[in-house]
Amino acid sequence: MMMKSNSVLEEKLRQMAVALELLGENRFRINALARAARVIDSLDEEVEMLVGRDPESAVARLTAIPGIGKGLAAKILEFVASGKIEEHEDLVSRIPAGLFDLLDVPGLGPKAVKMIWERLGIETIEELRAGLDSPDFAALPRMGKKSIENIKKALDFRAQSAGRIPIGKALPIALDFVDFLEKQPGAQRVEYAGSLRRGRETIGDIDLLVSCADPLAMRKAFVEHPSVTQVLAAGESKSSVRIAAGGHALQVDLRIVENRQFGAAWLYFTGSKEHNVALRERAGKRGMRLNEYGLFEDSAKDAREDTERLVAEAEEFDIYRALGLEMIPPELREERWPLEELPDKLVERSLLRADLHTHTLASDGKLSIEAMARHARSLGFHTLAVTDHSRSSVISNGLSIDRLRTQIEAVRAADAEIDGIRILAGSEVDILPDGRLDYPDEILEDLDIVVASPHVSLRQSSEDATKRLLAAILHPAVKILGHPTGRMISQREGLSPDMDRLFEAAADTGTALEINAHWMRLDLRDRHVARAVAKGCLLAINSDAHTIEHFDFLEFGVLTARRGGLPASSCINTWPAGKLYEWLSR
DNA sequence: GCCGTTTTCGGCCCGACTGTTTTCAGTCG
C-alpha cells in the first residue's frame, strides 16, 4: 500500500490550481482547488485509508471535510482508484513544467508569468534570466526598469535561499530581531508572529510586529539592520527586507501598529491565512467586520479610523470573545482545527517534569550523567532517563553489553549521589531492520526504561517498516517508541509505516510514542500526534539531549504536540513521579 | 468548486505596497 498518497494528491490539486491560474480560469474555482490542496495536506489520515475503510460511504466522509464538495470528492475517488486525476493530466500537458518554477519567483505572479510565456515564449528560469535584458522584455506592458531589476534580485535570492528553514534556526534569528527592535527608542511592544508563532516545523519568512512612539525611526532602524541585504518595501505601516543570517537568506516582514490595536494586528499577522479567513467569515455572519485594526460593526466605513464602531481590538482574547469563541492558541490556528470543537487542556512546557531520552559521554553525548542530571533538576524535573545508544550504533559509540552493564552501575551511583532528581538507567535501543531489538531480553530487563528507535534502513518499504515498528511496540520491555519514522526535516523522508496500525497497537499495549523535540526531527510530527491522540495513545516529549543546551529544544516538541492537540494528561512527561514509575513497572 | 440562522443561487477576507500609471493592476500575506 502506498502511504504517502496525501502529499501526492495535494501536489496534483495544487498544480491544477496553478495551471488554471495560468490559463486565466475562474478565480474562485482556483481558490477552491488551492484550499482543497491545503486541506488534504493537513489531513491526519491518508485518503486511501479514509476511502478504503468503507467505500459505500466514502463520498459522505469526504464531503464532510471542509472545502471538499461533490466535485472534489469525485476527483479524490478517481485518484485513489487510479493514482491519477484526468483533468490534472490534461492541464499539466498544456502547461510547460518550467512555468511552475517561474511562479515560485517572488514578485512574479500568474499574470506576469502568463504574459512572458505567451508573448516571449519564456518557459524556464534559465530562459527568464537570459531574456531579462532583451528589448522585447522591456517592451512588455508594466515592465519598467525597476520591475526588471526586482526580478533579477529575486532570482539571485532564490538561488541562495534554501526555501523554508527549520524552526530551530528561525527562532534565534527572530529573537535577535525582537531584541534589536526592543532596544530602539520609543519601542513599546515587540513580538514575532506568523508560522513561527504557530510553531510550524519549518518557517518561510519571519513576521515581526511592533508598536512604538516613533514609527518612522523604527522603520529606518529595521531596514538598516546590519543583516539586511535588500529592502523590498518600506511603507508607513509595513516593511519587508531580505536578510542574510546564520548561513541563510530569508525574508523578514515588519508591521508597525498602534499599541491599542496590537491584539488585532497580532491575530491577523499570526494567521494562518485560513484561520483569518474563517474568523472574518464568522465576523461577517455576525454583522461585524474583522481586519488588522480591530473588530468593527459592519456599518463602519473606514474601519481603520472608525473607533466609534469598534467592538474589540486590544488583545486577541477580546476579539475571540466578541466572536463568541474561546481564546484559540496559535498552534491550533490551522485549517485542520475547526473554530469550535477545539482540544482542551493542551500540554505546556511548564508542565513537563521528566525527560526520558538523553545521552551522555558514554555514547555520543557531551556531558557526564551528573552534569545532565543537575541541569535537569534545575529545570524542575523529578526524573531524568539516561538512554545512551545501543551496540549497533557504531557511529554514535553505542554501548556493548559489558559497557551497558558498567553504565547501569554508573547511573545507580549518580542517582545515589544526587538529591532532588531520580536518574533512570535506560537505553535507546536500535530497532534492527527486521524488528528485533539490539540487545537480548535479559539485559533489557535490568533497565528502568527502554526507548526503542529506528536509526538505519530508513528507506525500507512501508510493509517492512510497519512490521518492524509493530514488533518494537509489542515488545514487553519497550516503554517508548523513539522518533518513530526517523525522518530529518528537509533532509530525509524517513520510514512511512501504516501509522494507524502503529497507533492502534500502541494504544493497546500502553507503549508511549515519542515526539522527539530536536528541531531537525520533530518526529512524531503534528498531524501524526493528532491521529495518535484520537486513537487513545500515550505520548512522550523528549529532548534527545546530548548536552544541556539541548533541553531548550523541548519547547519545539511542545509546540508540535500542541499543534496535534495533545492534552497534558496523555503526555507521560507531565505525570507525577509516582504515576510515571508505576507505568514504567507495569 | 464550495457553501448555507438572510441561502440550492450568487456570493466567495481584507488591506498594504510598488511600479507604472494618470486612476490602478499585480502581488503578497
Side-chain angles (χ1 to χ4, degrees), chain A residues 13 16-17 20-21 24-39 62-76 85 87 103-116 138-151 153-154 193-195 198 203-209 219 223 231-241 251-257 261 264-265 267-296 298 300 302-305 323-324:
Chain A
L13 294 174
M16 286 174 69
L20 289 172
E21 205 161 16
E25 290 267 348
N26 179 297
R27 173 85 259 136
F28 300 107
R29 183 166 181 237
I30 295 167
N31 284 350
L33 275 167
R35 180 184 180 197
R38 289 192 305 268
V39 169
L62 287 170
T63 53
I65 302 168
I68 307 291
K70 275 189 178 170
L72 277 162
K75 291 207 176 2
I76 294 171
I85 297 172
E87 190 186 357
L103 266 176
D104 274 344
V105 178
L108 281 189
K111 295 280 164 57
V113 169
K114 185 168 191 259
M115 180 174 71
I116 61 175
L140 292 170
R142 308 185 54 80
M143 200 54 77
K145 255 190 177 159
K146 201 100 185 210
S147 298
I148 292 174
E149 197 52 38
N150 284 340
I151 296 173
K153 285 181 178 165
S195 55
R198 301 200 311 278
I203 307 301
D205 56 22
I206 292 174
D207 300 307
L208 301 170
L209 187 62
R219 176 181 79 187
V223 301
V231 179
L232 295 169
E236 224 173 280
S237 68
K238 194 174 137 183
S239 303
S240 283
V241 298
Q251 185 171 327
V252 183
D253 297 332
L254 175 71
R255 193 80 184 232
I256 303 173
V257 300
Q261 299 169 328
L267 179 65
Y268 156 75
F269 222 23
T270 296
S272 65
K273 191 179 156 89
E274 293 74 31
H275 185 73
N276 289 346
V277 170
L279 287 182
R280 286 172 179 186
E281 281 175 352
R282 187 179 177 94
K285 279 177 197 154
R286 295 174 171 234
M288 293 180 277
R289 194 169 64 181
L290 177 64
N291 59 29
E292 57 263 54
Y293 301 105
L295 180 65
F296 301 88
D298 204 20
D302 181 356
R304 184 171 180 171
E305 298 300 332
L323 290 172

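Throughout, a chain's letter reflects where its sequence line sits, starting with A, and its residues are numbered from 1. Everything numeric in this text was worked out from a predicted model, so none of it was measured.
For A:Lys114, the salt bridge (charged side-chain N to carboxylate O under 4.0 Å, His left out) criterion is met by A:Glu118, not counting sequence neighbours. Every residue meeting the side chain to side chain contact (heavy atoms under 4.5 Å, CB included) condition with A:Val105, not counting sequence neighbours, appears here in chain and number order: A:Leu108, A:Ile125, A:Ala154, A:Leu155, A:Arg158. The side chain to side chain donor-acceptor pair (under 3.5 Å) test applied to A:Arg255 returns A:Glu292, not counting sequence neighbours. Residues passing the salt bridge (charged side-chain N to carboxylate O under 4.0 Å, His left out) test with A:Glu87, sequence neighbours excluded: A:Arg29, A:Lys75. Under the side chain to side chain donor-acceptor pair (under 3.5 Å) criterion, A:Thr270 pairs with A:Arg197, sequence neighbours left out. Legend: residues meeting side chain to side chain donor-acceptor pair (under 3.5 Å) with A:Arg286, ordered by chain and number and at least two apart, are absent. Scored by the side chain to side chain donor-acceptor pair (under 3.5 Å) test, A:Arg142 finds no partners at all (sequence neighbours excluded).
Look at the P atom in both B:dT21 and B:dG26: the space between them is 13 Å, to the nearest Å. Comparing B:dT8 with B:dC2, their C1' atoms are spaced 12 Å from each other, to the whole Å. Rounded to a whole angstrom, the distance from the C1' atom of B:dC13 to that of B:dC3 is 15 Å. When the P atom is compared between B:dT23 and B:dC17, the two are found 23 Å apart, to the nearest whole Å. On the C1' atoms, B:dG1 is 24 Å away from B:dT5, given to the nearest whole Å. With P as the reference atom, B:dC12 and B:dT20 are 32 Å apart, rounded to whole Å. For B:dG11 and B:dT6, the C1' atoms lie 13 Å apart once the distance is rounded to whole Å.
Within residues 62-70 of chain A, the residues having any heavy atom closer than 4.0 Å to DNA chain B are, in order of number, A:Ile65, A:Pro66, A:Gly67, A:Ile68, A:Gly69, A:Lys70.
Residue A:Ala234 is classed as a sugar-phosphate contact, given heavy-atom separations below 4.0 Å to backbone atoms only. A:Leu33 comes within 4.0 angstrom of nothing in the nucleic acid, heavy atoms only. Across all strands shown, A:Leu290 has heavy atoms under 4.0 Å from sugar-phosphate atoms exclusively, and none from any base. No engagement by A:Lys114 is indicated, since no non-hydrogen atom pair under 4.0 Å with the nucleic acid exists. Within 4.0 Å of A:Arg35, counting heavy atoms only, lies no atom of the nucleic acid at all.
Look at CG on A:Asn276: it is 16 Å from C1' on B:dC12, rounded to the nearest Å. What separates CZ of A:Arg27 from P of B:dG26 is a distance of 11 Å, to the nearest Å. Whole-Å rounding puts the A:Ile148 CD1 to B:dG19 C1' distance at 12 Å. Separating the CG atom of A:Leu323 from the P atom of B:dC13 is a distance of 16 Å, rounded to the nearest angstrom. Spacing between atom CD1 of A:Ile76 and atom C1' of B:dC2 amounts to 13 Å, rounded to whole angstrom units. Spacing between atom CZ of A:Arg29 and atom C1' of B:dC3 amounts to 16 Å, rounded to whole angstrom units. Residue A:Glu281 contributes atom CD, which lies 7 Å from atom C1' of B:dC12 at whole-angstrom precision. With rounding to whole Å, A:Asn150 atom CG is found 9 Å from B:dG19 atom C1'.
The line from CG of A:Leu279 to OH of A:Tyr268 is 13.5 Å long, rounded to the nearest 0.5 Å. Considering CG of A:Asn276 and CG of A:Leu290, their distance stands at 7.5 Å, rounded to 0.5 Å. Rounded to the nearest 0.5 Å, atoms CD1 (A:Ile203) and OG (A:Ser195) are 3.5 Å apart.
Comparing A:Pro141 and A:Glu87 against DNA chain B, the residue whose closest nucleotide sits nearer the 5' end is A:Glu87. In terms of position along DNA chain B, the nucleotide closest to A:Ala73 lies nearer the 5' end than the nucleotide closest to the other residue of the pair A:Gly235 and A:Ala73.
Looking at the side chain of A:Asn291, the nearest of the listed nucleotides B:dA16, B:dG1, B:dC14 is B:dC14. In this structure, the nucleotide among B:dA16, B:dC12, B:dG19 sitting nearest to the side chain of A:Phe28 is B:dC12. Closest to the side chain of A:Glu236, from the set B:dC12, B:dG19, B:dC17, is B:dC17.
For B:dT20, the OP1/OP2 oxygens have a side-chain nitrogen or oxygen of A:Ser147 closer than 4.0 Å.
A distance-only check finds no donor-acceptor pair linking the side chain of A:Arg289 to the backbone of A:Phe296 [under 3.5 Å].
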Anything under 3.5 Å between a protein N or O and an N or O of nucleotides 27-29 of chain B, put it in a table, one pair a line.
unit_1, atom_1, unit_2, atom_2, d
B:dT27, OP1, A:Gly109, N, 2.8
B:dT27, OP1, A:Gly109, O, 3.2
B:dT27, OP1, A:Ala112, N, 3.0
B:dT27, OP2, A:Lys111, N, 3.3
B:dC28, OP1, A:Gly107, N, 2.6
B:dG29, N2, A:Tyr268, OH, 3.1

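For B:dC9, the paired nucleotide is B:dG4, the pair qualifying as Watson-Crick or G-U wobble because both relevant distances are below 3.5 Å.
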